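A short worksheet on the structure shown next.
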Amino acid sequence: MEKILLYIISGETRASWNRAIELSKGLSAALYALFIVDKDMVKTVSNMRKSDEIDTAIKIEEEGWKYLYYLEDMAVNEGVRTALFVEEGDAIDILRKFVKEREIELLIVGHRRGQGIEGRREERMIQQLIEYVQCPILIEKEGGK
């Protein structure tokens, strides 16, 4: 295995970050890390905060880069090669294309059981990943429960 992709959803999914680094190191694979500024999430957050969508997207992207740089520091300390990416749009479409174009061999996603609408949205996203992304997917359960 040469290419592993970690899809970073939030800072709350760090167990998946550790798993991705561990597997990449053990398999001598390059670790690709991707943060997606999801257009639906931008709309939801901007409506909740009553703020401009562009400003909201910028803040979410900046947060994503912070996560990516933090992950990169962790990976480099373990001797793992990394490549960092931020994309904007529909998460499933971006992941499908990213996996295909870069010939990713394993996708790792952290999953934290959410409550209410957020929990149902995350469950739906995981189901769509399984259905539409054409590579093995490791879903790392967060929080130990």
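Since the structure is predicted, the reported quantities are computational estimates derived from the model, not experimental observations. Note that these values count all heavy atoms, side chains included, but never hydrogens, waters or copies made by symmetry.
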Quiz item: Is any side-chain heavy atom of Thr82 less than 4.5 Å from a side-chain heavy atom of Tyr32?
Solution: no
Quiz prompt | Spatial distance of atom CE (Met1) from atom OG (Ser28) [nearest 0.5 Å] | solution = 12.5 Å
Quiz item: So if you build clusters from Ile, Leu, Val, Met, Phe, Trp, Tyr with side-chain heavy-atom gaps below 4.5 Å, do Val45 and Ile58 land together?
Solution: no
Quiz item: Roughly how far apart are Leu27 CG and Leu106 CG, rounded to 0.5 Å?
Solution: 8.5 Å
Practice problem: May I ask you to test the Leu34-Ile36 pair for a side-chain heavy-atom distance under 4.5 Å? | Solution: yes
Quiz item: Would you call Glu62-Lys59 a salt bridge at under 4.0 Å N-O?
Solution: no
Quiz item: CG of Leu107 to SG of Cys135: how many Å apart, nearest 0.5 Å?
Solution: 5.0 Å
Quiz prompt | Pair Arg19 + Glu140, salt bridge at N-O below 4.0 Å | solution = yes
Quiz item: Side chains of Val42 and Val37: does their closest heavy-atom pair fall under 4.5 Å?
Solution: yes
Quiz item: Looking only at heavy atoms, which two atoms of Ala75 and Ile21 are closest? And how far apart?
Solution: N-CD1, 3.7 Å
Quiz item: What about Val133 and Ile126, same hydrophobic cluster or not, with Ile/Leu/Val/Met/Phe/Trp/Tyr joined at side-chain heavy-atom distances under 4.5 Å?
Solution: yes
Quiz item: Given side chains that start at C-beta, do those of Trp17 and Tyr70 come closer than 4.5 Å, heavy atoms only?
Solution: yes
Practice problem: State whether the side chain of Asp38 and the backbone N or O of Ala91 hold a donor-acceptor pair below 3.5 Å, judged by distance alone. | Solution: yes
Self-check item: Euclidean distance, Leu95 CG relative to Glu87 CD, rounded to 0.5 Å
Solution: 9.5 Å
Self-check item: Nearest non-hydrogen partners of Met125 and Ile9, listed with the distance
Solution: CE-CD1, 3.5 Å
Quiz item: Would you say Ile94 and Ile139 are hydrophobically clustered, going by side-chain heavy atoms of ILVMFWY under 4.5 Å?
Solution: yes
Self-check item: Value rounded to 0.5 Å, distance of CD1 in Ile92 from NZ in Lys97
Solution: 12.5 Å
Practice problem: Find out whether Lys43 and Glu53 are in side-chain contact, i.e. whether some heavy atom of one side chain is under 4.5 Å from a heavy atom of the other. | Solution: yes
Self-check item: Between Ser46 and Ser51: side-chain donor-acceptor atoms closer than 3.5 Å
Solution: no
Self-check item: Side chain Lys3, main chain Arg102, donor-acceptor under 3.5 Å
Solution: yes
Quiz item: Do Ile104 and Ile4 have side-chain heavy atoms sitting under 4.5 Å apart?
Solution: no
Practice problem: Check the pair Leu138, Val109 against side chain to side chain contact (heavy atoms under 4.5 Å, CB included), reporting the backbone distance first and the verdict last. | Solution: CA-CA 6 Å; Leu138 173 72; Val109 180; over 6 Å; no
Quiz item: At what distance, to the nearest 0.5 angstrom, does NZ of Lys66 lie from CD of Glu61?
Solution: 12.5 Å
Quiz item: In terms of the angle between their ring planes, are Phe85 and Phe98 parallel, tilted or perpendicular, with boundaries placed at 30° and 60°?
Solution: perpendicular
Quiz item: Between Met74 and Phe35, is there a shared hydrophobic cluster once you connect ILVMFWY residues whose side-chain heavy atoms come closer than 4.5 Å?
Solution: yes
Quiz item: If every non-hydrogen atom of Glu2 is compared with every non-hydrogen atom of Glu105, which pair is closest and at what distance?
Solution: N-OE1, 2.6 Å
Practice problem: Using the side-chain contact (heavy atoms from CB on, under 4.5 Å) rule, pick out the option among Leu6, Ile108, Leu84 that qualifies with Leu31. | Solution: Leu6
Quiz prompt | Validation row: Tyr132, Asp93 side chains within 4.5 angstrom (heavy atoms) | solution = no
Practice problem: Taking the side chain as every heavy atom from C-beta outward, state whether Tyr67 and Glu72 have any pair of such atoms under 4.5 Å apart. | Solution: no
Quiz item: Is Leu5 linked to Leu71 within one hydrophobic cluster, defined over Ile, Leu, Val, Met, Phe, Trp and Tyr using a side-chain heavy-atom separation of less than 4.5 Å?
Solution: no
